[in-house]
Enquirer: 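Take this structure first; my questions come after.
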Amino acid sequence: MPETLSTSSSDPRADQYVIGVDYGTLSGRAVVVRVRDGRELGSAVHEYPHAVVTDSLPEDTAGAESDGHPARLPGEWALQVPNDYREVLRRAVPAAVADAGIDPAAVVGIATDFTACTMVPVKADGTPLNELPGFANRPHAYVKLWRHHAAQGQADRINRLAADRGEDWLPRYGGLISSEWEFAKGLQLLEEDPEAYAAMDHWVEAADWIVWQLCGRYVRNACTAGYKGIYQDGRYPSEDFLAALNPDFKDFVSSKLEHTIGRLGDAAGTLTAEAAAWTGLPEGIAVAVGNVDAHVTAPAAKAVDSGQLVAIMGTSTCHVMNGTELREVPGMCGAVDGGIVPGLWGYEAGQSGVGDIFGWFTKYGVPPEYHQAAKDAGLGIHEYLTELASRQAIGEHGLIALDWHSGNRSVLVDHELSGIVVGQTLATRPEDTYRALLEATAFGTRTIVDAFRDAGVPVKEFIVAGGLLKNKLLMQIYADATGLQLSTIGSEQGPALGSAIHAAVAAGAYADIREAAAAMGAEPGEVYTPIPENVAAYDELFQEYRTLHDYFGRGSSDVMHRLKVIQRKAAQADLPGTGNLPATAVEVSA
């Protein structure tokens, strides 16, 4: 790492800037940050032209190879087009620099963060498979987004085998590996499109692929390797284990996955001439090792000590926290040594659907007259429903919901589960259901907090980042439902700011992430204190939530799983035109 710069009155950091780029589910955002104090000077957003691919492959990428009829996708698939990520560099970065009004020559580093686990199958030079002749109409040649849940069957097999063999890495992940992660998705690719698997040279996290595009070097970041790639104590699952899953999967690690690990905050390389032309930034500036959008936010919130739980709330929620000791926490997404900051154990948990659930309900569950009333009031539909819901006493709607519309990430780690609302009558109004869904996500977070505490990992602070912190009712509900004082990060761009902090460290402006976070991290925003009578009311409702949670989620009733089987049977019967999608991808699994 370059030598730390002087902190004298002539400190060069005063006139230096870094770029943080946050890759989300639907868009990428670039932010220009001053190195000296973390001030955010400009930003820009680029929406992915292809968004999330769930129904059929885009015609502009696959149509030419399929006579205008790209392959249709079964349920639970979620793909993306990798060139959309490059376009963020070409468009959002120059626009952010222009918005900031700075000289691009004063930029000393760039860093990126990404949704995870988002996987890109590539050739040895980093070219995605979908960009090769003959692969544009093969679904498995595209990016598998974090919320691609079609590998649940493979995840179930990994979990059963690991439990039966007593694999020592399994407890580090709360006893269950997710269908969202690298191994399950990789095994699905092998078993459903072995030709694409054979053609793939590297199975790469998007967080590392975009860094590769910037600096021309493939460096695997320690964060995703530990949390999503089952990399513990310097090793991956054994070849013997992989062969027991599928003989052709034996060398998955050695031939497709394993690569040089880069520490968080280090430089992966320097900006290439090509990437400099894309971004308008100086060739040769530092490019930081990649990171995950949630984990990179902790330094932005100055949450680099043990016991500070940071919830990054958007379409989904990721909960990250540091601890001084290694504990086995059931249903967690991982415990990784140095996974957030060096010297501490980094813990991760999460909820697969939060903002996505609210958005789904407003799109499909709210009648036109409500949308018109919101428009007449000069409000968005979320703001309008929030205003109506805020007038209710706790429990007045008579409902309790489970927040599993996109499955359950923590603590059950089961993406075959689905959402439910109990208590609806002919008198139930949209604002009633909306509030019940807000409360359900708060109860999901409380379940995670309780799991941490019960395992001996105390939660001392609760900090919220992400787009949903703007909803004051939601924030107060979370404070009341968890019984924790809640503070929000004083930045609307938490992940991008966190990436900028890592860029400053990679450029040598600060000695380490802790020092950079102290100087550049955001001050707290609004603070929400639990209201005692509300805490008591939510305690009562939470017991009902836990009853439903355990009944549907811990084996008392498998109705949600059985409904998935019925759904797949119906989909298989009505799924012509699957193109090159292997038949096994739509087979019914019990």
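Everything numeric in this text was worked out from a predicted model, so none of it was measured.
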Enquirer: Would you please indicate yes or no on a ring centroid separation below 6.0 angstrom for Phe241 and Trp169?
Expert: yes
Enquirer: Hey, is Arg409 close enough to Asp403 for a salt bridge, meaning N to O under 4.0 Å?
Expert: no
Enquirer: Going through the checks in order, is the salt bridge (charged side-chain N to carboxylate O under 4.0 Å, His left out) test met by Arg172 and Asp233?
Expert: CA-CA 11 Å; Arg172 299 275 181 97; Asp233 300 325; 3.0 Å; yes
Enquirer: Do His405 and Ser418 come within less than 4.5 Å of each other through their side chains, counting heavy atoms only?
Expert: no
Enquirer: Has Glu195 got more than 12 heavy atoms of other residues, nucleotides or ligands less than 6.0 Å from its CD?
Expert: no
Enquirer: Looking at Arg446 and Asp539, does any basic side-chain N land under 4.0 Å from a carboxylate oxygen?
Expert: yes
Enquirer: Determine, step by step, whether Thr224 and Asn221 satisfy the side-chain hydrogen bond (donor to acceptor under 3.5 Å, both in side chains) criterion, reporting the C-alpha distance in whole Å, the side-chain angles of both residues, the deciding distance to 0.1 Å, and the verdict.
Expert: CA-CA 6 Å; Thr224 53; Asn221 77 85; 2.8 Å; yes
Enquirer: Is the distance between the ring centroids of Trp404 and His549 less than 6.0 Å?
Expert: yes
Enquirer: What class does the angle between the rings of Tyr85 and Phe114 fall in, given that below 30° is parallel, 30 to 60° is tilted and above 60° is perpendicular?
Expert: perpendicular
Enquirer: Output yes when Glu396 and Arg391 qualify as a salt bridge under the 4.0 Å nitrogen-oxygen rule, no when they do not.
Expert: no
Enquirer: Can you confirm whether more than 12 heavy atoms, excluding those of Glu540, are under 6.0 Å from its CD atom?
Expert: no
Enquirer: Determine whether a donor-acceptor pair (N or O, by modelled atom type, separation under 3.5 Å) exists between the side chain of Glu180 and the backbone of His148.
Expert: no
Enquirer: Would you mind telling me which of Lys185, Arg147, Arg568 makes a salt bridge (Lys or Arg N to Asp or Glu O under 4.0 Å) with Glu76?
Expert: Arg568
Enquirer: Could you tell me whether Arg554 and Asp550 make a salt bridge, using a distance below 4.0 angstrom between a side-chain N and a carboxylate O?
Expert: yes
Enquirer: Go through it in stages, so that I can follow the logic: the residues are Glu544 and Arg546, the test is salt bridge (charged side-chain N to carboxylate O under 4.0 Å, His left out), and I'd like the CA-CA distance, side-chain angles, deciding distance and then a yes or no.
Expert: CA-CA 5 Å; Glu544 302 302 332; Arg546 285 300 300 268; over 6 Å; no
Enquirer: If you draw the axis of the six-membered ring of Tyr173, does the NZ or CZ of Lys228 fall within 45° of it and under 6.0 Å from the ring centre?
Expert: no
Enquirer: Any salt bridge linking Asp55 with Arg72? Criterion: basic side-chain nitrogen under 4.0 Å from a carboxylate oxygen.
Expert: no
Enquirer: Would you sort out whether Arg235 and Asp168 count as a salt bridge (charged side-chain N to carboxylate O under 4.0 Å, His left out), showing the intermediate values?
Expert: CA-CA 11 Å; Arg235 62 184 187 276; Asp168 57 7; 3.0 Å; yes
Enquirer: So, taking the atom named OH in Tyr538 and the one named OH in Tyr545, what distance separates them when rounded to the nearest 0.5 Å?
Expert: 13.5 Å
Enquirer: Apply the side chain to side chain contact (heavy atoms under 4.5 Å, CB included) test between Phe358 and each candidate in Leu438, Ile381, Asn471; give the one that qualifies.
Expert: Leu438
Enquirer: In sequence, state the C-alpha distance, the side-chain angles, and the governing distance for His295 and Glu348, and then conclude on side-chain hydrogen bond (donor to acceptor under 3.5 Å, both in side chains).
Expert: CA-CA 8 Å; His295 303 72; Glu348 178 193 340; 3.1 Å; yes
Enquirer: Looking only at heavy atoms, which two atoms of Val292 and Cys223 are closest? And how far apart?
Expert: CG2-SG, 3.6 Å
Enquirer: Measuring from Asp414:CG to Met560:CE, what's the distance to the nearest 0.5 Å?
Expert: 10.0 Å
Enquirer: Would you please test Gln351 and Thr445 for side-chain hydrogen bond (donor to acceptor under 3.5 Å, both in side chains) and show each step?
Expert: CA-CA 8 Å; Gln351 293 166 265; Thr445 287; 2.6 Å; yes
Enquirer: Atom CZ of Arg435 and atom CD1 of Ile477: how far apart are they, to the nearest 0.5 Å?
Expert: 4.5 Å
Enquirer: Do the charged groups of Arg165 and Asp240 touch, with an N to O distance under 4.0 Å?
Expert: yes
